[in-house]
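In listed order, ligands and their atoms are each counted from 1.
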Amino acid sequence: MTQAASPDLPRVVVVMGVSSTGKTKVGTRLARQLGWRFVEGDELHPPANIEKMSAGTPLTDEDRWPWLDAIVEHVRAVLEEDTSVVVTCSALRRSYRDVLRGADPDGSVFFVHLHGTFTLLAERMDQREGHFMPAALLQSQFETLEPLEPDEVGALVDVTPPVHVVSAEAEREVRRGGQQA
Ligand SMILES: Nc1ncnc2c1ncn2[C@@H]1O[C@H](COP(=O)(O)OP(=O)(O)OP(=O)(O)O)[C@@H](O)[C@H]1O
Ligand SMILES: O=C(O)[C@H](O)[C@@H](O)[C@H](O)[C@H](O)CO
(Lines give C-alpha, C1' and ligand atoms only; values in the text may rest on other atoms or scores of the structure.)
(Ligands and ions follow the chains in the order given, each with its own letter.)
Protein backbone atom coordinates (compact mmCIF):
# COMPACT_ATOMS: atom_id res chain seq x y z
CA MET A 1 0.00 0.00 0.00
CA THR A 2 1.53 3.32 -0.97
CA GLN A 3 0.81 6.54 0.83
CA ALA A 4 -0.02 9.95 -0.59
CA ALA A 5 2.84 12.44 -0.78
CA SER A 6 3.67 14.23 2.48
CA PRO A 7 4.34 17.97 2.29
CA ASP A 8 7.22 17.70 4.80
CA LEU A 9 9.20 15.09 2.91
CA PRO A 10 10.88 14.94 -0.48
CA ARG A 11 8.80 13.22 -3.16
CA VAL A 12 11.70 11.33 -4.66
CA VAL A 13 14.55 9.55 -2.88
CA VAL A 14 17.35 8.27 -5.11
CA VAL A 15 19.37 5.50 -3.46
CA MET A 16 22.78 5.91 -5.09
CA GLY A 17 26.29 4.50 -4.90
CA VAL A 18 28.69 2.18 -6.68
CA SER A 19 27.76 -1.38 -7.54
CA SER A 20 26.92 -3.70 -4.66
CA THR A 21 26.46 -1.01 -2.01
CA GLY A 22 22.98 -2.43 -1.41
CA LYS A 23 20.88 0.00 -3.44
CA THR A 24 18.31 -2.69 -4.26
CA LYS A 25 18.26 -4.25 -0.78
CA VAL A 26 18.19 -0.96 1.11
CA GLY A 27 15.94 0.79 -1.43
CA THR A 28 13.19 -1.84 -1.29
CA ARG A 29 13.26 -1.78 2.48
CA LEU A 30 13.27 2.00 2.68
CA ALA A 31 10.28 2.19 0.32
CA ARG A 32 8.39 -0.24 2.53
CA GLN A 33 9.25 1.73 5.68
CA LEU A 34 8.01 4.97 4.10
CA GLY A 35 5.01 3.36 2.37
CA TRP A 36 6.28 4.69 -0.98
CA ARG A 37 6.59 3.10 -4.41
CA PHE A 38 9.88 1.38 -5.27
CA VAL A 39 11.45 1.72 -8.71
CA GLU A 40 14.48 -0.42 -9.67
CA GLY A 41 16.65 1.76 -11.88
CA ASP A 42 18.55 -1.21 -13.30
CA GLU A 43 15.34 -2.41 -14.96
CA LEU A 44 15.29 0.73 -17.10
CA HIS A 45 18.69 0.22 -18.73
CA PRO A 46 18.61 -0.16 -22.51
CA PRO A 47 19.43 -3.85 -23.22
CA ALA A 48 22.72 -2.78 -24.85
CA ASN A 49 23.91 -1.38 -21.50
CA ILE A 50 23.25 -4.66 -19.70
CA GLU A 51 25.11 -6.54 -22.43
CA LYS A 52 28.03 -4.17 -22.15
CA MET A 53 28.32 -4.45 -18.37
CA SER A 54 27.86 -8.23 -18.50
CA ALA A 55 30.80 -8.36 -20.90
CA GLY A 56 32.92 -6.46 -18.38
CA THR A 57 33.00 -3.07 -20.13
CA PRO A 58 32.18 0.03 -18.07
CA LEU A 59 29.41 2.30 -19.37
CA THR A 60 30.29 5.70 -20.81
CA ASP A 61 28.41 8.97 -20.34
CA GLU A 62 26.76 8.37 -23.73
CA ASP A 63 25.52 4.97 -22.55
CA ARG A 64 24.13 6.46 -19.38
CA TRP A 65 22.21 9.50 -20.69
CA PRO A 66 19.31 7.50 -22.26
CA TRP A 67 19.12 5.38 -19.11
CA LEU A 68 18.93 8.47 -16.87
CA ASP A 69 16.25 9.95 -19.14
CA ALA A 70 14.24 6.72 -18.87
CA ILE A 71 14.46 6.85 -15.07
CA VAL A 72 13.29 10.47 -15.01
CA GLU A 73 10.39 9.71 -17.31
CA HIS A 74 9.33 6.66 -15.31
CA VAL A 75 9.52 8.41 -11.94
CA ARG A 76 7.53 11.36 -13.26
CA ALA A 77 4.78 8.99 -14.41
CA VAL A 78 4.64 7.36 -10.98
CA LEU A 79 4.50 10.74 -9.22
CA GLU A 80 1.40 11.56 -11.22
CA GLU A 81 -0.36 8.84 -9.24
CA ASP A 82 0.17 11.05 -6.17
CA THR A 83 2.60 8.80 -4.42
CA SER A 84 6.25 9.33 -3.54
CA VAL A 85 9.07 7.21 -4.93
CA VAL A 86 12.26 5.49 -3.84
CA VAL A 87 14.36 4.78 -6.92
CA THR A 88 17.75 3.08 -7.25
CA CYS A 89 20.39 4.51 -9.56
CA SER A 90 24.16 4.52 -9.21
CA ALA A 91 24.08 8.29 -10.01
CA LEU A 92 27.85 8.32 -9.90
CA ARG A 93 28.49 11.77 -11.32
CA ARG A 94 27.16 15.19 -10.38
CA SER A 95 25.98 15.72 -13.96
CA TYR A 96 23.89 12.52 -13.76
CA ARG A 97 22.30 13.75 -10.54
CA ASP A 98 21.53 17.07 -12.22
CA VAL A 99 19.46 15.08 -14.72
CA LEU A 100 17.80 13.01 -11.98
CA ARG A 101 16.78 16.14 -10.06
CA GLY A 102 14.44 16.78 -12.98
CA ALA A 103 12.40 13.72 -11.95
CA ASP A 104 10.31 15.87 -9.63
CA PRO A 105 8.95 18.97 -11.35
CA ASP A 106 9.12 20.72 -7.95
CA GLY A 107 12.78 19.75 -7.57
CA SER A 108 12.19 17.75 -4.41
CA VAL A 109 14.77 14.99 -4.90
CA PHE A 110 16.85 13.60 -2.02
CA PHE A 111 19.95 11.44 -2.55
CA VAL A 112 20.91 8.68 -0.13
CA HIS A 113 24.53 7.93 -0.99
CA LEU A 114 25.38 4.43 0.20
CA HIS A 115 29.10 3.99 0.71
CA GLY A 116 31.46 1.22 1.73
CA THR A 117 35.13 0.36 1.26
CA PHE A 118 36.38 -1.30 -1.93
CA THR A 119 37.31 -4.43 0.03
CA LEU A 120 33.88 -4.80 1.63
CA LEU A 121 32.01 -4.27 -1.64
CA ALA A 122 34.29 -6.56 -3.67
CA GLU A 123 33.56 -9.28 -1.11
CA ARG A 124 29.79 -8.72 -1.39
CA MET A 125 30.00 -8.75 -5.17
CA ASP A 126 31.92 -12.02 -5.12
CA GLN A 127 29.29 -13.61 -2.91
CA ARG A 128 26.33 -12.37 -4.95
CA GLU A 129 24.91 -14.79 -7.48
CA GLY A 130 22.85 -14.31 -10.63
CA HIS A 131 23.65 -10.65 -11.21
CA PHE A 132 24.90 -9.23 -14.51
CA MET A 133 27.51 -6.93 -12.97
CA PRO A 134 31.00 -8.50 -12.81
CA ALA A 135 33.20 -7.68 -9.81
CA ALA A 136 35.92 -6.49 -12.21
CA LEU A 137 33.87 -3.34 -12.87
CA LEU A 138 33.99 -2.16 -9.26
CA GLN A 139 37.27 -0.28 -9.73
CA SER A 140 35.86 1.80 -12.58
CA GLN A 141 32.75 2.53 -10.50
CA PHE A 142 34.95 4.02 -7.76
CA GLU A 143 36.95 5.97 -10.36
CA THR A 144 33.77 7.47 -11.82
CA LEU A 145 32.15 8.28 -8.48
CA GLU A 146 31.78 11.95 -7.58
CA PRO A 147 30.40 12.24 -4.02
CA LEU A 148 27.54 14.59 -3.17
CA GLU A 149 28.58 18.21 -3.24
CA PRO A 150 27.64 20.60 -0.41
CA ASP A 151 24.75 22.14 -2.35
CA GLU A 152 23.18 18.77 -3.15
CA VAL A 153 20.34 17.66 -0.85
CA GLY A 154 21.14 14.25 0.50
CA ALA A 155 23.12 12.21 2.99
CA LEU A 156 25.97 9.74 3.14
CA VAL A 157 25.10 6.40 4.76
CA ASP A 158 27.64 3.72 5.71
CA VAL A 159 26.73 0.23 4.48
CA THR A 160 28.94 -1.76 6.85
CA PRO A 161 26.04 -2.63 9.24
CA PRO A 162 23.22 -5.05 8.33
CA VAL A 163 20.61 -3.93 5.79
CA HIS A 164 17.90 -3.13 8.35
CA VAL A 165 20.27 -0.79 10.19
CA VAL A 166 21.32 0.91 6.94
CA SER A 167 17.71 1.42 5.84
CA ALA A 168 16.73 2.77 9.29
CA GLU A 169 19.59 5.27 9.06
CA ALA A 170 18.54 6.20 5.52
CA GLU A 171 14.98 6.85 6.71
CA ARG A 172 16.25 8.99 9.58
CA GLU A 173 18.25 11.09 7.12
CA VAL A 174 15.30 11.47 4.73
CA ARG A 175 13.04 12.61 7.60
CA ARG A 176 15.74 14.93 8.96
CA GLY A 177 16.25 16.51 5.56
CA GLY A 178 19.89 15.45 5.17
CA GLN A 179 22.85 17.77 5.00
CA GLN A 180 21.05 20.54 3.05
CA ALA A 181 24.39 22.31 3.13
N1 LIG B 1 24.22 -3.98 4.58
C2 LIG B 1 24.51 -5.17 4.02
N3 LIG B 1 25.07 -6.14 4.73
C4 LIG B 1 25.39 -7.33 4.17
N5 LIG B 1 25.17 -7.65 2.87
C6 LIG B 1 24.60 -6.70 2.11
C7 LIG B 1 24.24 -5.42 2.62
N8 LIG B 1 23.70 -4.69 1.63
C9 LIG B 1 23.71 -5.48 0.53
N10 LIG B 1 24.25 -6.67 0.82
C11 LIG B 1 24.47 -7.77 -0.14
O12 LIG B 1 25.38 -7.25 -1.10
C13 LIG B 1 24.97 -7.63 -2.41
C14 LIG B 1 24.68 -6.38 -3.23
O15 LIG B 1 23.47 -5.80 -2.80
P16 LIG B 1 22.48 -5.15 -3.83
O17 LIG B 1 22.27 -6.03 -5.00
O18 LIG B 1 21.29 -4.66 -3.10
O19 LIG B 1 23.40 -3.89 -4.29
P20 LIG B 1 23.19 -2.88 -5.47
O21 LIG B 1 23.84 -1.61 -5.05
O22 LIG B 1 21.76 -2.82 -5.86
O23 LIG B 1 24.03 -3.53 -6.61
P24 LIG B 1 24.11 -3.19 -8.18
O25 LIG B 1 24.27 -1.73 -8.33
O26 LIG B 1 25.32 -3.91 -8.63
O27 LIG B 1 22.84 -3.69 -8.79
C28 LIG B 1 23.78 -8.56 -2.25
O29 LIG B 1 24.20 -9.89 -2.27
C30 LIG B 1 23.22 -8.17 -0.89
O31 LIG B 1 22.54 -9.22 -0.27
O1 LIG C 1 26.24 3.61 -13.83
C2 LIG C 1 26.70 2.49 -14.05
O3 LIG C 1 27.87 2.20 -14.24
C4 LIG C 1 25.77 1.33 -14.08
O5 LIG C 1 24.53 1.73 -14.32
C6 LIG C 1 25.83 0.48 -12.84
O7 LIG C 1 26.10 1.18 -11.71
C8 LIG C 1 24.62 -0.41 -12.74
O9 LIG C 1 23.42 0.21 -13.04
C10 LIG C 1 24.38 -1.11 -11.51
O11 LIG C 1 24.81 -0.50 -10.39
C12 LIG C 1 24.69 -2.55 -11.76
O13 LIG C 1 25.26 -3.23 -10.80
Side-chain angles (χ1 to χ4, degrees), residues 13-33 36-75 85-101 103 109 111-148 152 154-174:
V13 169
V14 179
V15 180
M16 61 166 280
V18 300
S19 183
S20 222
T21 39
K23 298 183 293 294
T24 300
K25 287 274 176 189
V26 173
T28 44
R29 205 172 168 116
L30 178 63
R32 211 166 344 135
Q33 287 164 204
W36 294 6
R37 281 274 287 279
F38 175 71
V39 173
E40 173 60 68
D42 274 348
E43 287 175 7
L44 298 167
H45 269 299
N49 283 3
I50 304 287
E51 278 167 35
K52 200 168 176 180
M53 289 186 275
S54 306
T57 310
L59 300 182
T60 62
D61 283 358
E62 284 61 40
D63 296 321
R64 290 185 179 115
W65 298 130
W67 172 51
L68 295 166
D69 288 342
I71 291 177
V72 167
E73 198 183 318
H74 188 83
V75 169
V85 177
V86 174
V87 56
T88 59
C89 176
S90 45
L92 299 176
R93 290 191 199 278
R94 165 80 196 231
S95 57
Y96 306 162
R97 297 190 292 274
D98 289 341
V99 172
L100 292 167
R101 267 181 278 272
V109 178
F111 289 87
V112 171
H113 178 184
L114 300 182
H115 79 101
T117 63
F118 183 90
T119 313
L120 175 75
L121 300 181
E123 214 173 272
R124 287 184 184 169
M125 264 180 123
D126 276 344
Q127 282 163 8
R128 180 169 68 165
E129 283 174 5
H131 194 283
F132 61 83
M133 192 76 171
L137 285 186
L138 188 59
Q139 185 62 41
S140 85
Q141 294 263 303
F142 270 96
E143 283 162 10
T144 308
L145 177 67
E146 296 169 358
L148 290 171
E152 294 188 274
L156 195 63
V157 175
D158 177 20
V159 300
T160 313
V163 174
H164 72 277
V165 175
V166 178
S167 66
E169 178 61 16
E171 181 181 354
R172 248 191 312 277
E173 288 290 358
V174 169

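- Nearest protein heavy-atom contact of atom 15 (O) of ligand 1 is Gly22 CA, 3.7 Å.
- Residue, atom and distance of the protein heavy atom nearest to atom 6 (C) of ligand 2 are Gln141 NE2, 3.7 Å.
- The protein heavy-atom contact nearest to atom 11 (O) of ligand 2 is Lys23 NZ, 3.5 Å.
- Heavy atoms only, all atoms of each residue included: Leu100 and Ala91 are closest at CD1-CB, 3.7 Å.
- Per-residue contacts place Met53 under 4.0 angstrom from the following atoms of ligand 2 (heavy atoms of the residue considered): 4 (C), 6 (C), 8 (C).
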* To do: Determine, stepwise, if the pair Arg124 / Leu120 fulfils side-chain contact (heavy atoms from CB on, under 4.5 Å).
  => CA-CA 6 Å; Arg124 287 184 184 169; Leu120 175 75; 3.8 Å; yes
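- Only the backbone of Val159 comes within contact range of ligand 1, with a heavy atom under 4.0 Å; no side-chain atom does.
- Among the atoms of His131, some N or O lies under 3.5 angstrom from an N or O of ligand 1.
- Side-chain N/O atoms of Glu143 and Gln139 include a donor and acceptor closer than 3.5 Å.
- For atom 8 (N) of ligand 1, the closest heavy atom belonging to the protein is Val163 CG2, 3.6 Å.
- Atoms of ligand 2 found under 4.0 Å from any heavy atom of Ser90, numbered from 1 in the order shown, are 1 (O), 2 (C), 4 (C), 5 (O), 6 (C), 7 (O).
- A donor-acceptor pair under 3.5 Å links the side-chain atoms of Thr88 to the main chain of Gly41, judged by distance alone.
- Scanning all heavy atoms of the two residues, the minimum distance from Val99 to Asp69 falls at CG1-OD1, 4.0 Å.
- Ion pairing of Asp42 with Lys23 is absent here, as no side-chain N (NZ or NE/NH1/NH2) approaches a carboxylate O to less than 4.0 Å.
- Between the side chains of Asp63 and Thr60, a donor-acceptor pair is found at a separation under 3.5 Å.
- Distances from atom 10 (C) of ligand 2 to the heavy atoms of Asp42, Asp61, Thr24 put Asp42 nearest.
- Considering only non-hydrogen atoms, atom 10 (N) of ligand 1 lies nearest to Arg124 out of His164, Met53, Arg124.
- Geometrically, ligand 2 and His45 share a nitrogen or oxygen pair separated by less than 3.5 Å.
- Nearest to atom 26 (O) of ligand 1 among the protein's heavy atoms is Ser19 OG, 2.5 Å.
- The shortest N or O to N or O distance between Pro161 and ligand 1 is under 3.5 Å.
- Looking only at heavy atoms of the protein, atom 18 (O) of ligand 1 is closest to Lys25 N, 3.0 Å.
- With Gln33 contributing its side chain and Ser167 its backbone, the two residues share a donor-acceptor pair below 3.5 Å.
- In terms of protein heavy-atom proximity, atom 2 (C) of ligand 2 is nearest to Arg64 NE, 3.3 Å.
- The shell of residues lying under 4.0 angstrom from ligand 1, judged by heavy atoms, excludes Ser90.
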* How far apart are the C-alpha atoms of Phe111 and Cys89, what are their side-chain angles, what is the distance that settles it, and do they pass the side-chain contact (heavy atoms from CB on, under 4.5 Å) test? -> CA-CA 10 Å; Phe111 289 87; Cys89 176; over 6 Å; no
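- Scanning the protein for heavy atoms near atom 20 (P) of ligand 1, the closest one is Lys23 N, 3.4 Å.
- Near His131, meaning under 4.0 Å from any of its heavy atoms, are these atoms of ligand 2: 12 (C), 13 (O).
- The protein atom (non-hydrogen) at minimum distance from atom 14 (C) of ligand 1 is Ser20 OG, 3.3 Å.
- With 3.5 Å as the limit, one finds no donor-acceptor pair spanning the side chains of Ser90 and Gln141.
- Note: His45 and Trp67 have parallel aromatic rings, judged against thresholds of 30 and 60 degrees for the angle between ring planes.
- Closest to atom 24 (P) of ligand 1 by heavy atom, among Arg128, Glu129, Met133, Gln141, is Arg128.
- Note on ligand 2: Trp67 sits in its first shell, one or more heavy atoms being nearer than 4.0 Å.
- Using a cutoff of 4.0 Å between basic side-chain nitrogens and carboxylate oxygens, Glu146 and Arg97 are not scored as salt-bridged.
- The side chain of Asp42, and not its backbone, has at least one atom closer than 4.0 Å to an atom of ligand 1 (non-hydrogen atoms only; side chain from C-beta on).
- Between the side chain of Glu173 and the backbone N or O of Ala155 there is no donor-acceptor pair closer than 3.5 Å.
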